[in-house]
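Here's the structure, in structure tokens; my notes come after.
Values below: every heavy atom of this structure, side chains too, minus hydrogens, waters and symmetry copies. The first residue of the sequence shown is numbered 1, and numbering continues consecutively from there. Whatever order the structure lists ligands and atoms in, that order sets their numbers, starting from 1. For clarity, every value in this text was computed on a predicted model and none was experimentally measured.
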Amino acid sequence: MNILGIETSCDETAAAIWSSGRTGGRLLAERVASQIATHARYGGVVPEVASREHLAVLPGLVSDVMQQSGLGWHELDSIAVTAGPGLMGALLVGTAWARAAGAVHDIPVLPIHHMEGHLLAPGLDHELPPFPFVTLLVSGGHTLLVRVDGIGQYTQLGQTIDDAAGECFDKSARLLGLPYPGGPEISKLAVNGDAQRFPLPRPMLNRDNLDFSFSGLKTAVMYAVKDIDMTDAQARADMAAGVEAAICEVLVKKSLRACSQAGSAHLLIAGGVAANRTLRRMLDAQAPTHGVGVHLPRPEHCTDNAAMIAYAAACRLQHGLEFPENWDARPRWPLQKPGKS
Ligand code: KG4
Ligand code: ZN
């Protein structure tokens, strides 16, 4: 079964081909074109600019993956496209393009929930662990803990009540004069920093629930930054290390608590922030003492990509799940209902 995946929900245009058989699956080809440089000068994603760039870039990326895979259109079994959540204009480019290609080549088009793609992305690089497992979805727009009892069976255990973790990285980075997206920039700057120098809060760490809150941390960073000399490279590095440690500590502690409450020995991490080195290091150090195995996608499969969209479609098909016949792009779409559009 060969599936072409298409992703255009935010600021990455992507196409990929996943092929699965009885003995497993593999990625035949993938391309991701990031718009980060285009949006960086505005300090964040500009929706209209994103849509135009998706439209300009997507056809070329699809041609590339078709060529790389060596497949003809007649050898594709379906086209999986991100139908939401995301920016409406951006989603419309991908879904309209997928539908047009599907109509021309007589291939079914399957709507995929972007977060379901992230949630299952660790399965692209290694076999998924047995159910139930817990996934921490941690991106620029979401911070969610989800119990996965099977493909399509997702229960939200906790979420952020305000900013997402990636958003906190991005806003803190801006306060430190770093470009967008801030997560990788903070991480780079933090390498030579002392995380202990500026004590920052660990919001909601000691509350007995699995929710997160990052806006107070952002405010604390705002005040702390006012007191440092921005020309002092060491002070900026120490602040970056402090921010990174505060965010990662909360993510790790709450994720391990979620595993214990869900009775799961497996934790999957997905979404852009999963690429963070400190997060990975903290998990390596702490998860084994809780009897939890950690599963992470390769860094390029943590951020937005189309391989995860094709893979999620393959998982749903393999488990006999149905796709709606009538569907539209959905900027807001609850994860609990990924099969219904
Ligand atoms: O999943 P993603 O590519 O896009 C969505 O938000 O859906 O995630 C982007 C977010 C941004 O906030 C970015 O700053 C963050 O992931 N990010 C990181 C790292 N790489 C990307 N945050 C911390 N450390 C990183 N290495
Ligand atoms: Zn994403």
If you count the non-hydrogen atoms of other residues, nucleotides and ligands that lie under 6.0 Å from CG in Asp106, is the total more than 12?
-> no
Please could you name the atoms of ligand 1 that Gly141 approaches to less than 4.0 Å, counting only its heavy atoms?
-> 6 (O)
Of the protein's non-hydrogen atoms, which lies at the shortest distance from atom 21 (C) of ligand 1, and what is that distance?
-> Gly272 O, 3.4 Å
Closest protein heavy atom (residue, atom, distance) for atom 24 (N) of ligand 1 | Asn276 ND2, 3.0 Å
With Ser213 as reference, evaluate Asp162, Thr160, Asp163 under the side-chain hydrogen bond (donor to acceptor under 3.5 Å, both in side chains) test and give the passing residue.
-> Asp162
Element-labelled atoms of ligand 1 that are located less than 4.0 Å from some non-hydrogen atom of Gly166 | 12 (O)
With heavy atoms under 4.0 Å as the rule, classify the contact between His118 and ligand 1 as side chain, backbone, both or neither.
-> side chain
What part of Arg277, side chain, backbone, both or neither, has a heavy atom within less than 4.0 angstrom of ligand 1?
-> neither
What are the atoms of ligand 1, with element, lying closer than 4.0 Å to any heavy atom of His114?
-> 7 (O)
Closest to atom 7 (O) of ligand 1 among protein heavy atoms sits Asp304 OD1, 3.5 Å
More than 12 heavy atoms of other residues, nucleotides or ligands under 6.0 Å from CZ of Arg280: is that the case?
-> yes
For atom 15 (C) of ligand 1, which protein heavy atom lies nearest, and how many Å away is it?
-> Val273 CG2, 3.9 Å
Tell me, do Leu55 and Arg52 make a side-chain contact under 4.5 Å, heavy atoms counted?
-> no
Separation of Ile6 CD1 from His54 NE2 (nearest 0.5 Å) = 12.0 Å
Decide yes or no for Leu251 and Val138: does some side-chain heavy atom of the first lie under 4.5 Å from some side-chain heavy atom of the second?
-> yes
Shortest protein contact, atom 6 (O) of ligand 1 (heavy atom only) = Gly140 N, 2.8 Å
Is the closest side-chain donor-acceptor distance between Glu12 and Thr303 under 3.5 Å?
-> no
Can you tell me the N, O or S atom of Asp304 that's nearest the Zn ion (ligand 2)?
-> OD1
At under 4.0 Å between heavy atoms, which part of Asp170 makes contact with ligand 1: side chain, backbone, both or neither?
-> side chain
Centroid-centroid under 6.0 Å between His126 and His295 rings | no
According to the interplanar angle, ranging from 0 to 90°, do the rings of Trp333 and His113 count as parallel (below 30°), tilted (30 to 60°) or perpendicular (above 60°)?
-> tilted
NZ/NE/NH1/NH2 to OD/OE distance under 4.0 Å, Arg316 and Glu116 = yes
At the Zn ion (ligand 2), NE2 of His118 and NE2 of His114 open up to roughly (10° bins) 90°
Backbone or side chain, does any N or O of Phe169 fall under 3.5 Å from an N or O of ligand 1?
-> no
Under 3.5 Å: N/O of Thr303 near N/O of ligand 1 | no
Check: of Gly86, Pro184, Pro85, min heavy-atom distance to atom 19 (C) of ligand 1 comes from Pro184
Polar atom proximity, Gly183 to ligand 1 (N or O, under 3.5 Å) = yes
Parallel, tilted or perpendicular: ring planes of His319 versus Phe131, cut at 30 and 60 degrees = perpendicular
